[in-house]
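Each remark here refers to the structure printed beneath this line.
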Amino acid sequence: MTERKPPGVEFETWVDHQIREADARGAFDRLPGAGRPLPSEVEASYDELWWVRRKMAREGLSVLPPTLALRKEAEDALAAALDAPSEGAVRRIVEDVNVKIRDVMFKPPPGPPLGKKPYDVEEVVRLWRERRAERA
């Protein structure tokens with residue numbers, strides 16, 4: 001920590017003086033990122049939630065409106081059902097996602113419409129059997 005700003009000295013002049021002294025001492029040599037361009041975030045407009053966005057990107061998270069998240073979950077569930085090891089697993093996967101789809105159909109959350117209707121369990125089981133027969 002440096003000394004306090006003397007009274008009567010303009011703040012900007014005092015700060016410039018401190019920076020020049022630190023530079024002369026080599027305090028800025030070998031800093032991380034020295035000689036490299038600034039990250040693109042620095043040149044973007046100010047965003048109050050920059051740290052949230054960076055943390056989410058680093059953690060691989062995304063936030064979708066509830067209906068879009070359910071739409072993705074329904075598509076993933078259908079794919080999982082078609083690759084399930086048994087007919088019981090197919091039925092369980094489809095019935096679980098159908099419960100969620102019905103909830104959204106009758107109590108729509110905010111956001112875009114779901115655009116999905118419950119899957120026909122028997123139809124998914126039929127597709128599963130066909131795919132299983134093709135692989136055998």
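Numbers here are sequence positions counted from 1.
Listed by first and then second residue, the salt bridge (Lys or Arg N to Asp or Glu O under 4.0 Å) pairs involving residues 112-121 are Glu75-Lys116 (not counting sequence neighbours). Applying the side-chain hydrogen bond (donor to acceptor under 3.5 Å, both in side chains) rule to pairs touching residues 26-37 yields nothing, sequence neighbours excluded.
With sequence neighbours excluded, the residues satisfying side chain to side chain contact (heavy atoms under 4.5 Å, CB included) with Ala84 are Ala89, Val90, Ile93, Trp128. Partners of Arg91 by salt bridge (Lys or Arg N to Asp or Glu O under 4.0 Å), not counting sequence neighbours, listed by chain and number: Glu87, Glu122. Every residue meeting the side chain to side chain contact (heavy atoms under 4.5 Å, CB included) condition with Asp83, not counting sequence neighbours, appears here in chain and number order: Arg131, Arg135.
Across all non-hydrogen atoms, the minimal contact from Val97 to Tyr119 is CG1-CD1, 3.9 Å.
When Glu48, Arg53, Arg54 are each tested for a side-chain contact (heavy atoms from CB on, under 4.5 Å) with Trp50, only one passes: Arg54. The only option from Asn98, Val99, Val94 that meets the side-chain contact (heavy atoms from CB on, under 4.5 Å) definition with Pro118 turns out to be Asn98.
A donor-acceptor pair under 3.5 Å is absent between the side-chain atoms of Arg132 and the main chain of Ser86, judged by distance alone.
For the atom pair CG (Asp103) and NZ (Lys100), the distance works out to 9.5 Å, reported to the nearest 0.5 Å. Distance check: Asp23 CG to Arg25 CZ gives 9.5 Å after rounding to the nearest 0.5 Å. Rounded to the nearest 0.5 Å, atoms CD1 (Ile101) and OG1 (Thr67) are 12.0 Å apart. Here the CD-CG distance, from Glu123 to Leu127, works out to 4.5 Å after rounding to the nearest 0.5 Å.
With side-chain heavy atoms closer than 4.5 Å counting as contact, directly or through intermediates, the hydrophobic cluster containing Leu68 also holds Leu64.
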